[in-house]
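Residue numbers start from 1 in every chain, and the chains themselves are labelled A, B, ... in the order their sequence lines are given, proteins ahead of strands.
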Amino acid sequence: MKKRTKEILDILDQQFGTEYKCYLNYETPWQLLAATMLSAQCTDARVNIVTKDLFQKYTSPGDIAAADLKELEEDIRPTGFYHNKAKNLIACMKDIHEKYHDEVPSTLEELTSLAGVGRKTANVIRGNIYHDPSVVVDTHVKRISRRLGFTTNEDPEKIEQDLMKELPKDHWILYNIQIIQFGRTICTARSPKCGECSLQKYCEEYKIKGKV
DNA sequence: CTCCCGATAT
DNA sequence: ATATCAGGAG
């Protein structure tokens with residue numbers, strides 16, 4: 001690992017801690033899967049509001065699989081993209097229930113074969129549930145990894161590979177968790193708080209623009 | 001590349 | 001008014 005990279009990771013560890021704390025609320029693996037599916041282009045805070053009621057109403061994958069489409073759409077409407085998300089949730093949970101007997105699969109291939117589950121969601125499950133080292137590239141990781149100069153790519157899969165080369169395996173999951181927190185509070189997309197940023201000297205965008 | 005889409009911050 | 005939010009599929 002480069003010295004510069006270690007310095008950045010040390011600062012992240014110190015500022016955001018080293019606890020594997022997921023910011024989507026869930027009790028069981030299938031609930032994390034559902035919550036992550038709902039989190040596309042939506043704040044995790046809003047997902048948590050929706051899932052609080054959702055997981056009381058539907059208490060198993062089979063419950064979601066058997067749900068009425070229109071009713072489920074209304075249940076998840078505030079998260080946006082609700083037609084697609086409801087349809088995918090039903091199809092996905094039907095597979096979890098019937099094909100996998102209520103167990104969430106653990107391989108990238110099995111996970112991404114589920115409706116509405118792409119690479120990002122699959123890696124969240126692998127990392128948080130099965131503790132398999134995996135790099136999750138979401139909107140925060142993409143933006144901040146580019147600002148930190150860990151990648152110059154736009155494509156999430158290429159960014160994933162760049163990060164796997166850049167970061168030690170035991171920090172892959174932690175990096176994602178820390179960057180989300182960092183991205184929500186300081187290194188935001190629109191008007192980042194560069195004045196309070198502990199990583200300012202490492203920021204490629206700050207170097208160019210003086211302020212992002 | 002385009003579409004899906006409500007809620008909030010700027 | 002518009003950009004953005006733990007993306008994925010056709």
Undergrad: What are the 5'-most and 3'-most nucleotides of DNA chain B lying under 4.0 Å from any heavy atom of chain A?
TA: B:dC4 to B:dT10

Undergrad: Excluding sequence neighbours, so at least two apart, what forms salt bridge (Lys or Arg N to Asp or Glu O under 4.0 Å) with A:R146?
TA: A:E154

Undergrad: Give me each pair satisfying side chain to side chain donor-acceptor pair (under 3.5 Å) with a member in residues 29-38 of chain A, each pair once, sequence neighbours excluded.
TA: A:T28-A:W30

Undergrad: Return the set of residues passing salt bridge (Lys or Arg N to Asp or Glu O under 4.0 Å) with A:D95 (not counting sequence neighbours), or none when no residue passes.
TA: none

Undergrad: Could you pick out which residue, A:Y23 or A:V117, lies toward the 5' side of DNA chain C when each is mapped onto its nearest nucleotide?
TA: A:Y23

Undergrad: Does any residue of residues 130-143 of chain A have a heavy atom under 4.0 Å from DNA chain C, and if so, which ones, in number order?
TA: A:D138, A:T139, A:H140, A:R143

Undergrad: Can a salt bridge be assigned to the pair A:E110 and A:R126 using a cut-off of 4.0 Å between side-chain N and carboxylate O?
TA: no

Undergrad: In residues 155-186 of chain A, what residues come within less than 4.0 Å of DNA chain B, judged by heavy atoms?
TA: none

Undergrad: Does the pair A:D102 and A:M93 meet the rule for a side-chain contact (heavy atoms from CB on, under 4.5 Å), with working shown?
TA: CA-CA 8 Å; A:D102 286 345; A:M93 291 304 158; over 6 Å; no

Undergrad: Provide, to the nearest angstrom, the distance between the CG atom belonging to A:L111 and the P atom belonging to C:dG7.
TA: 17 Å

Undergrad: Suppose we screen for salt bridge (Lys or Arg N to Asp or Glu O under 4.0 Å). Which residues come up paired with A:K87, at least two apart in sequence or across chains?
TA: none

Undergrad: Using the P atom on both, measure C:dA1 against B:dC4 and round to a whole Å.
TA: 22 Å

Undergrad: Just the rounded figure in Å: distance from C1' of C:dA6 to CZ of A:R119.
TA: 16 Å

Undergrad: Which residues satisfy the side-chain contact (heavy atoms from CB on, under 4.5 Å) test with A:T112, sequence neighbours excluded?
TA: A:L108, A:A122

Undergrad: Using side-chain hydrogen bond (donor to acceptor under 3.5 Å, both in side chains) as the criterion, list what pairs up with A:T43, not counting sequence neighbours.
TA: none

Undergrad: Give a yes or no on whether A:F150 and A:I179 share a hydrophobic cluster (residues Ile, Leu, Val, Met, Phe, Trp, Tyr; joining criterion: side-chain heavy atoms under 4.5 Å apart).
TA: yes

Undergrad: With a 4.5 Å limit on heavy-atom distance, are the side chains of A:D155 and A:Q161 in contact?
TA: no

Undergrad: Considering only heavy atoms from C-beta outward, does the side chain of A:C92 approach that of A:L33 to under 4.5 Å?
TA: yes

Undergrad: Given side chains that start at C-beta, do those of A:C42 and A:F81 come closer than 4.5 Å, heavy atoms only?
TA: no

Undergrad: Going by number, which of residues 77-88 of chain A have a non-hydrogen atom under 4.0 Å from DNA chain C?
TA: A:F81

Undergrad: For DNA chain C, what residues of residues 24-62 of chain A have any heavy atom nearer than 4.0 Å?
TA: A:L24, A:S39, A:A40, A:Q41, A:C42, A:T43, A:D44

Undergrad: Scan residues 152-174 of chain A for pairs that pass ring-ring contact (aromatic ring centres under 6.0 Å, His included), counting only residues two or more places apart or in two chains.
TA: none

Undergrad: State whether A:Y23 and A:R184 meet the cation-pi test: NZ (Lys) or CZ (Arg) under 6.0 Å from the six-membered ring centroid, and within 45° of the perpendicular axis.
TA: yes

Undergrad: With P as the reference atom in both, quote the distance from C:dG8 to B:dA7 in angstrom, rounded to an integer.
TA: 22 Å

Undergrad: Considering only atom P, compute the distance from C:dA6 to B:dC1 and round it to an integer number of Å.
TA: 24 Å

Undergrad: For A:K85 and A:I76, which heavy atoms make the closest approach, and how far apart are they?
TA: CB-CD1, 3.7 Å

